[in-house]
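Below is one structure, written out as structure tokens, with a few remarks after it.
In listed order, ligands and their atoms are each counted from 1.
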Amino acid sequence: SQPSSPKQWHLGMFEIGKPLGKGKFGHVYLAKERVTGFVCALKVLHKDELVSGKVEKLVRREIEIQSHLAHPNILRLFGHFHDQKRVFLILEFAGKGELYKHLRREQRFPEWKAAQYIAQMVAALKYLHKKHVMHRDIKPENILVGIHGEIKISDFGWSVHAPNNRRKTMCGTLDYLPPEMLNGAGHYSEKIDLWSLGVLTYEFLCGEAPFEDAQAMTQRRIARGDYKVPHYVSSEAKDLIQRLLVLDPEKRISLVEIEQHPWILKHCKAGT
Ligand SMILES: COc1ccc(C(=O)Nc2ccccc2)cc1NC(=O)CCSCc1cnc2[nH]ccc2c1
């Protein structure tokens, strides 16, 4: 069930549970809506930090974008409310937590699991791109796992309709950055999510990112598309990675073609 959407949410409607983590701009708590017993995640953002971080417009835009998104592989934003000092985001709770913790614990995913996760990412990206939203920050840290083992992309802290200057890339990891964003071209398309999907596929199968290196080296290797696929990776999986990690955004395999790729078809029950 989902929380009924009363126009006015407020903090008193929720019983606050254990902390789930500390995000970029605030803490996240497990929460239960008192009337329906609906379990969710409540993200608390401090207004003064949003102002100093010059992201209050971004949050408003993001809430606008996300309150219209509903897909099994995209973490839901059910609603929001605020008080004097804080903004509260009512988020879906993913019962099996953060994907990168599973990846680190298992070192690498077996090919069938990696293929199923990538197929779910493709479904989510098809949905987002149809709505002209590009995620722009696809990496294991931004993916959660639902109670049935399905993955949910999240933390759209930076998803935008149109390109805009991103400070985060300068301090976040470069590993997932596509070449066209390295030279600060400023204009890019949804194809950036395809590059990141290639990096993600590689990291699921190899346990580390393809261009992982010292920062300056990573930039150079991305710009040159300089990576190696270990021998234990199947030739089908390697083929898909090579069709995603293409320097020219226009030459990257499309989401629809990925769905028809032999590696995906082999591991995913067709037409599920
Ligand atoms: C749709 O999702 C989001 C939408 C917006 C924002 C956000 O912060 N926007 C922002 C903030 C400030 C400036 C600009 C933009 C964040 C998320 N999502 C998360 O933060 C995921 C982890 S919190 C939830 C959650 C669930 N289920 C779990 N299971 C275990 C831990 C856990 C943790």
Side-chain angles (χ1 to χ4, degrees), residues 2-3 5 9 14 16-33 38-83 85-105 117 120-121 123-125 127-128 131 133-172 193:
Q2 291 176 350
S5 51
W9 298 97
F14 298 92
I16 306 299
K18 66 173 183 175
L20 287 173
K22 171 143 182 34
K24 275 188 286 292
F25 288 87
H27 289 79
V28 188
Y29 300 90
L30 195 57
K32 181 158 72 171
E33 207 236 342
F38 185 78
V39 173
C40 57
L42 206 59
K43 185 160 195 178
V44 186
L45 305 169
H46 294 274
K47 283 184 181 176
D48 49 7
E49 284 177 24
L50 295 179
V51 172
S52 58
K54 294 192 180 50
V55 290
E56 69 272 29
K57 274 190 296 304
L58 193 65
V59 183
R60 254 196 287 276
R61 181 173 1 164
E62 180 166 284
I63 289 171
E64 179 47 37
I65 293 174
Q66 292 192 43
S67 40
H68 295 97
L69 298 179
H71 188 279
N73 300 119
I74 297 173
L75 197 80
R76 290 292 305 278
L77 172 63
F78 293 118
H80 67 285
F81 56 94
H82 61 96
D83 63 16
K85 294 225 168 284
R86 299 166 293 185
V87 175
F88 298 85
L89 303 181
I90 307 167
L91 299 168
E92 177 181 1
F93 169 63
K96 287 202 171 138
E98 299 170 86
L99 182 69
Y100 85 92
K101 288 182 180 169
H102 296 270
L103 181 55
R104 296 291 174 265
R105 188 182 323 120
Y117 283 162
Q120 291 170 40
M121 289 298 294
L125 288 174
Y127 178 84
L128 284 175
K131 296 196 170 235
V133 174
M134 32 183 173
H135 188 277
R136 295 162 32 110
D137 208 0
I138 292 170
K139 56 185 181 210
E141 289 78 358
N142 287 343
I143 301 174
L144 295 164
V145 187
I147 200 67
H148 304 299
E150 76 281 19
I151 59 172
K152 296 175 178 284
I153 55 177
S154 176
D155 207 347
F156 290 62
W158 310 95
S159 64
V160 281
H161 273 304
N164 70 345
N165 64 324
R166 263 179 63 135
R167 283 179 317 288
K168 179 179 178 189
T169 35
M170 298 314 140
C171 54
D193 290 337

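Among the atoms of Leu75, none of the N or O lies under 3.5 angstrom from an N or O of ligand 1. In terms of polar-atom proximity, Lys43 is counted as a contact of ligand 1, with an N or O under 3.5 Å from an N or O of the ligand.
Ring-centre distance between Phe78 and Phe38: below the 6.0 Å cut-off.
Counting atoms of ligand 1 from 1 in the listed order, those under 4.0 Å from a heavy atom of Ala94 are 26 (C), 27 (N), 28 (C), 29 (N), 30 (C). Near Ala41, meaning under 4.0 Å from any of its heavy atoms, are these atoms of ligand 1: 24 (C), 25 (C), 26 (C). If you number the atoms of ligand 1 from 1 as listed, the ones under 4.0 Å from a heavy atom of Val59 come out as 12 (C), 13 (C), 14 (C). Of all atoms in ligand 1, listed by their number and element, those nearer than 4.0 Å to a heavy atom of Val28 are 23 (S), 24 (C).
With sequence neighbours left out, the side-chain contact (heavy atoms from CB on, under 4.5 Å) criterion links Lys18 to Leu20, Leu30. Under the side-chain hydrogen bond (donor to acceptor under 3.5 Å, both in side chains) criterion, Lys152 pairs with Glu92, not counting sequence neighbours.
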Exercise. Could you go through the side-chain contact (heavy atoms from CB on, under 4.5 Å) check for Val133 and Tyr127 one step at a time?
Key: CA-CA 9 Å; Val133 174; Tyr127 178 84; over 6 Å; no
Practice problem: Mind running side-chain contact (heavy atoms from CB on, under 4.5 Å) on Ile90 and Leu77 for me, showing each step along the way? | Solution: CA-CA 6 Å; Ile90 307 167; Leu77 172 63; 5.6 Å; no
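When the heavy atoms of Glu62, Lys54, His46, Arg61 are ranked by distance to atom 15 (C) of ligand 1, first place goes to Glu62. Of the options Glu141, Lys22, Glu92, the smallest heavy-atom separation from atom 26 (C) of ligand 1 is shown by Glu92. Across Ser67, Pro19, Gly53, Gly97, heavy-atom proximity to atom 30 (C) of ligand 1 is greatest for Gly97.
The closest donor-acceptor contact from the side chain of Asn73 to the backbone of Met121 lies at 3.5 Å or more, if one exists at all. Panel note: side chain Lys47, backbone Glu56; no donor-acceptor pair is recorded below 3.5 Å.
Only the side chain of Leu144 comes within 4.0 Å of ligand 1, counting heavy atoms alone; its backbone N, CA, C and O stay farther away.
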